[in-house]
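First up is the structure itself, then whatever we jot down about it.
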Amino acid sequence: MEHMKRIDRVLKYSGAIVDVYDDVMESPSGHMAHWDYIAHRKGAAAVLPVMDDGKILMVRQHRNALERETLEIPAGSRDDVNEPRMQCAARELEEETGYQAGRLELLITVATTVAFCNEVIEIYLATDLKETECHPDEDEFVELEQYTIEELKDMVFSQKIQDSKTVAAIMAYYGKIHA
């Protein structure tokens, strides 16, 4: 099978989290096309925190791209490309929820938008939670909520939860506990 070939990559915008490129692509037939490519600079991690009673901690926050609030699992970008994703997940858990995990295990890895972005998020299952202190970033305003896995699964199927990392985490965890 013949494949697409990148001929050129031109930086169009460099932001705090992503860089946006114009890729010039050549098809196997020789046709030239321009494709958008977004490079996520540092990578990210997320965490599905499960309390001892089985309830799952979720954060509600405003998302500018959607112009509304969303219900999500705690997540964030790594501090730098060398920060282990598990460490990032633990940090984001405490920052956004005020809990530390006694145990973290990889639940699922998600490539969020494969058509135009290289972002990959490792999602960890956090258990044995201990309450500490919530300390979100200065531009981060989150509300902490708790739900059962059944409630969250129903919110996925009723389209109340649409965030891809959150949907993947909920369904992976549901599958894990119902295997």
Side-chain angles (χ1 to χ4, degrees), residues 17-19 37-66 68-132 134 136-137 140 142-179:
I17 298 172
V18 298
D19 292 329
Y37 170 65
I38 299 173
H40 193 276
R41 284 193 178 155
K42 300 176 191 172
V47 59
L48 184 90
V50 180
M51 303 290 287
D52 289 342
D53 66 0
K55 294 261 180 104
I56 297 167
L57 296 177
M58 302 287 290
V59 293
R60 185 173 300 279
Q61 59 188 322
H62 179 80
R63 289 301 193 184
N64 187 52
L66 298 177
R68 64 178 169 88
E69 286 188 345
T70 61
L71 187 64
E72 302 174 36
I73 59 175
S77 293
R78 295 187 293 178
D79 283 342
D80 63 65
V81 295
N82 297 315
E83 179 184 27
R85 290 180 198 257
M86 183 183 282
Q87 181 178 321
C88 174
R91 177 176 43 76
E92 289 295 329
L93 173 64
E94 188 168 13
E95 283 179 7
E96 295 184 11
T97 70
Y99 283 86
Q100 287 182 343
R103 178 172 162 78
L104 279 173
E105 69 177 274
L106 184 63
L107 179 62
I108 192 169
T109 301
V110 178
T112 60
T113 47
V114 297
F116 58 85
C117 184
N118 70 343
E119 180 183 44
V120 172
I121 300 177
E122 287 184 358
I123 302 171
Y124 291 85
L125 176 61
T127 54
D128 299 327
L129 302 179
K130 305 291 182 240
E131 193 168 4
T132 60
C134 187
D137 295 335
E140 193 171 46
V142 299
E143 294 177 27
L144 190 60
E145 300 178 14
Q146 295 184 31
Y147 296 92
T148 66
I149 188 62
E150 293 294 333
E151 290 171 319
L152 292 173
K153 179 182 65 77
D154 290 346
M155 284 189 247
V156 166
F157 289 124
S158 66
Q159 313 255 338
K160 291 178 182 165
I161 294 177
Q162 297 176 328
D163 172 64
S164 62
K165 71 181 176 306
T166 302
V167 170
I170 290 166
M171 300 314 293
Y173 181 64
Y174 184 84
K176 180 180 177 76
I177 63 175
H178 289 91

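Note that the structure is a prediction, hence the values are computed from the model and not measured.
Between V47 and A126, the closest heavy-atom pair is CG2-CB, 3.4 Å. Nearest approach of K165 to A46, heavy atoms of both residues: CD-CB, 4.1 Å. Nearest heavy-atom pair across A44 and R85 is O-NH1, 2.9 Å.
Rounding to the nearest 0.5 angstrom, the gap separating the OG1 atom in T166 from the CD1 atom in I73 is 4.5 Å. Separation of atoms CG (L125) and CD1 (I177) is listed at 9.5 Å; rounding is to 0.5 Å. Within the model, atoms OG of S77 and NE2 of H40 stand 3.5 Å from one another, a figure rounded to the nearest 0.5 Å. If you take CD1 on I170 and OH on Y147, they are separated by 10.5 Å, rounding to the nearest 0.5 Å. Interatomic distance, SG of C88 versus CD of E83, reported as 5.0 Å (0.5 Å rounding).
Exactly one residue among V120, N118, I121 makes a side chain to side chain contact (heavy atoms under 4.5 Å, CB included) with T112. That residue is I121.
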All N/O donor-acceptor pairs, side-chain side in residues 100-109, below 3.5 Å, sequence neighbours left out:
| from | atom 1 | to | atom 2 | distance (Å) |
| --- | --- | --- | --- | --- |
| Q100 | NE2 | E94 | OE1 | 3.1 |
| Q100 | NE2 | E94 | OE2 | 3.4 |
| R103 | NH2 | E105 | OE2 | 3.2 |
| E105 | OE1 | K176 | NZ | 3.2 |

Listed pairs under 3.5 Å, donor-acceptor, residues 50-58 side chains, sequence neighbours left out:
| from | atom 1 | to | atom 2 | distance (Å) |
| --- | --- | --- | --- | --- |
| D53 | OD1 | K55 | N | 2.9 |

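Applying the salt bridge (charged side-chain N to carboxylate O under 4.0 Å, His left out) test to residues at least two apart or on different chains, none of the pairs has a partner in residues 117-131. Each ring pair (Phe, Tyr, Trp, His ring centres under 6.0 Å) pair with one or both residues in residues 160-179, not counting sequence neighbours, appears once here: Y174-H178.
By the salt bridge (Lys or Arg N to Asp or Glu O under 4.0 Å) test, D79 pairs with R91, sequence neighbours left out. For T97, there are no side chain to side chain donor-acceptor pair (under 3.5 Å) partners, not counting sequence neighbours. Listed by chain and number, the residues in a salt bridge (Lys or Arg N to Asp or Glu O under 4.0 Å) with E145 are R60 (sequence neighbours excluded). Evaluation of the side chain to side chain donor-acceptor pair (under 3.5 Å) rule for R63 yields E72 as partners, not counting sequence neighbours. For the salt bridge (Lys or Arg N to Asp or Glu O under 4.0 Å) test, residues two or more places apart in sequence or in another chain that qualify with E150 are K153. With sequence neighbours excluded, no residue forms a side chain to side chain donor-acceptor pair (under 3.5 Å) with D154. Evaluation of the side chain to side chain donor-acceptor pair (under 3.5 Å) rule for R78 yields no partner, not counting sequence neighbours.
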Can you check side chain to side chain contact (heavy atoms under 4.5 Å, CB included) on Q162 and T70, steps first, answer last? CA-CA 8 Å; Q162 297 176 328; T70 61; over 6 Å; no

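Between the side chain of E151 and the backbone N or O of T148 there is at least one donor-acceptor pair closer than 3.5 Å.
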